[in-house]
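As structure tokens, the structure follows; a few thoughts come after it.
On a predicted model such as this, the values are computed, not experimentally measured, just so you know. In what follows, chains carry the letters A, B, and so on, assigned in the order in which the sequence lines appear, proteins first and then strands, with residues in each chain numbered from 1.
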Protein chains: 2
Amino acid sequence: MDETQGYCPVFHRAVELIGRRWNGPIIRALLDGADRFGEIRSRIPGLTDRLLAQRLRELEREGVVERACPSSSATTVPHYTLTTKGHSLAPVIESIAQWAAAWEPPGSTSSAQGRSVADSRRR
Amino acid sequence: MDETQGYCPVFHRAVELIGRRWNGPIIRALLDGADRFGEIRSRIPGLTDRLLAQRLRELEREGVVERACPSSSATTVPHYTLTTKGHSLAPVIESIAQWAAAWEPPGSTSSAQGRSVADSRRR
DNA sequence: TAGAGTCACTTACAAAGAGTAAGTGACTAC
DNA sequence: GTAGTCACTTACTCTTTGTAAGTGACTCTA
């Protein structure tokens, strides 16, 4: 009777959040210790300011990322860190990385530049 | 010296393939045993013919899905199945599902319809 | 202290992708 | 032989992304 058996909106939301363009690499950079806007950007070739700012705001709204402006002394530059929710994505990221490494296409060891799935669709 | 330390194009490609709109639910439906076009579509509310056809072709090209037209006798209706590469995504899907279940927002137990991350951005 | 540089964004516009809706051809049931 | 289902396509519109050029707050240098 339930036509949509096996479908789970919570899963759907999660996979699109994680998989949304640039979000995977952004979360990975944050897990790797990057915590400033420019630092994240410089670690991800192809990612622009506009999209990074947008993605960080979305991730913040989803409770994955936290933005803090250390009003201490020196700089007013904001810092981005993962929340507990964000840190708990580590195993997800790890399992994707493992799958990717296992099925890495033959010729993509070091020369491969970050061609996306979308890019490969353009002829 | 390497500005893009920690960045991995193989990971980037993988996370965008898995997270590309509708791909997560499609792979999950296939893992759950759906093998015909209409069956996959009916399990995923909101997914249209156009996008399902497109996504299946992309997944086929990526070697995740296999399309077979059983030329046997009865029907000419094609069947879709996961390849070995596709089946090996099971742990990835599982870890996303676990994360999603753990961080499911309070009011989304059963009433939540499949609102995507994108939808929540529209005001 | 004037001017150049860096940082974290924002805005404007064109191109690509996704949603909506209405076909199409092959087959099947009545 | 006509109506219905199935697996797609095509045409059109709206949303998201990419590209490029600002902007204001701050810092460093002469």
Side-chain angles (χ1 to χ4, degrees), chain A residues 3 12 15-17 19-26 29-30 34-60 65-81 113-123, chain B residues 3 12 16-17 19-26 29-30 34-61 65-81 113-123:
Chain A
E3 277 282 280
H12 191 163
V15 76
E16 285 196 358
L17 173 69
R20 195 170 179 72
R21 203 147 205 203
W22 304 112
N23 275 2
I26 290 169
L30 287 162
D35 68 339
R36 291 222 326 261
F37 190 94
E39 203 178 344
I40 299 167
R41 186 190 43 201
S42 71
R43 288 196 192 195
I44 307 172
L47 174 59
T48 59
D49 289 11
R50 196 181 77 85
L51 267 290
L52 178 55
Q54 192 175 308
R55 286 296 110 89
L56 284 172
R57 245 178 290 130
E58 286 164 21
L59 290 170
E60 207 187 334
V65 162
E66 212 162 20
R67 186 190 135 110
C69 282
S71 54
S72 53
S73 54
T75 49
T76 330
V77 192
H79 281 236
Y80 294 95
T81 49
Q113 285 312 308
R115 287 206 325 146
S116 72
V117 176
D119 289 338
S120 74
R121 238 175 309 108
R122 299 182 195 118
R123 54 180 180 84
Chain B
E3 276 282 282
H12 191 164
E16 285 197 359
L17 173 69
R20 193 169 180 73
R21 203 147 203 202
W22 304 112
N23 275 1
I26 289 170
L30 287 162
D35 68 341
R36 292 223 326 263
F37 189 94
E39 202 178 344
I40 299 166
R41 185 190 46 199
S42 70
R43 289 196 192 195
I44 307 172
L47 173 59
T48 60
D49 289 10
R50 196 180 80 85
L51 267 292
L52 177 53
Q54 192 176 307
R55 286 296 109 88
L56 284 171
R57 245 178 290 127
E58 285 163 24
L59 291 170
E60 207 188 333
R61 187 164 27 208
V65 163
E66 210 163 20
R67 186 190 136 112
C69 282
S71 54
S72 52
S73 56
T75 49
T76 331
V77 192
H79 282 236
Y80 294 95
T81 49
Q113 286 311 308
R115 287 207 326 147
S116 72
V117 176
D119 290 337
S120 75
R121 238 176 312 109
R122 300 184 195 117
R123 57 181 175 81

Contact summary for B/I44 and B/A29, nearest pair of heavy atoms: CD1-CB, 4.5 Å
Rounded to whole Å, how long is the line connecting atom CZ of A/R57 with atom C1' of C/dA8? 11 Å
Please determine if a side-chain N or O atom of A/W22 lies less than 4.0 Å away from the OP1 or OP2 oxygen of D/dT16. no
Restricting to nitrogen or oxygen on both sides, can you table the protein-nucleotides 19-23 of chain D pairs closer than 3.5 Å?
{"from": "D/dT19", "atom 1": "O4", "to": "A/R50", "atom 2": "NE", "distance (Å)": "3.1"}

For A/Y80 and C/dC7, is the shortest distance between a side-chain N/O and OP1 or OP2 below 4.0 Å? no
A/D35 (side chain) donor-acceptor with A/Y80 (main chain) under 3.5 angstrom: no
Just jot down the side chain to side chain donor-acceptor pair (under 3.5 Å) partners of B/R50, sequence neighbours excluded, or say none. none
Would you say A/R21 places a side-chain N or O within less than 4.0 Å of OP1 or OP2 belonging to C/dA16? no
Is B/R36 near enough to D/dT5 that one of its side-chain N or O atoms lies under 4.0 angstrom from OP1 or OP2? no
Is B/R55 reaching over with its side chain to a backbone N or O of B/R21, donor-acceptor style, under 3.5 angstrom? yes
Give the rounded distance in Å between these two atoms: CD of B/E60 and P of D/dA7. 15 Å
Report the distance from atom CZ of B/R41 to atom C1' of C/dG19, rounded to the nearest whole Å. 15 Å
Distance below 4.0 Å between B/R20 side-chain N/O and D/dT16 OP1 or OP2: no
Should B/R20 and B/E58 count as an ion pair when the cut-off is N to O under 4.0 Å? yes
In whole Å, what is the span from the CD1 atom of B/I40 to the P atom of D/dC6? 14 Å
Nearest whole angstrom, please: distance from the P of D/dC8 to the CD1 of B/I26. 12 Å
Rounded interatomic separation in angstrom, taking CD from B/E16 and P from C/dA16: 17 Å
What pair of heavy atoms forms the shortest contact from B/H12 to A/W22, and how long is it? CE1-CZ3, 3.2 Å
A/Q54 CD to D/dT15 C1', in whole Å, measures 11 Å
Closest to the B/R67 side chain, choosing from C/dA8, D/dC8, C/dT10: D/dC8
Rounded to whole Å, NE2 of B/H79 lies from P of D/dA7 at a distance of 8 Å
Residue pair B/D49 / B/F37, side-chain heavy-atom distance below 4.5 Å: yes
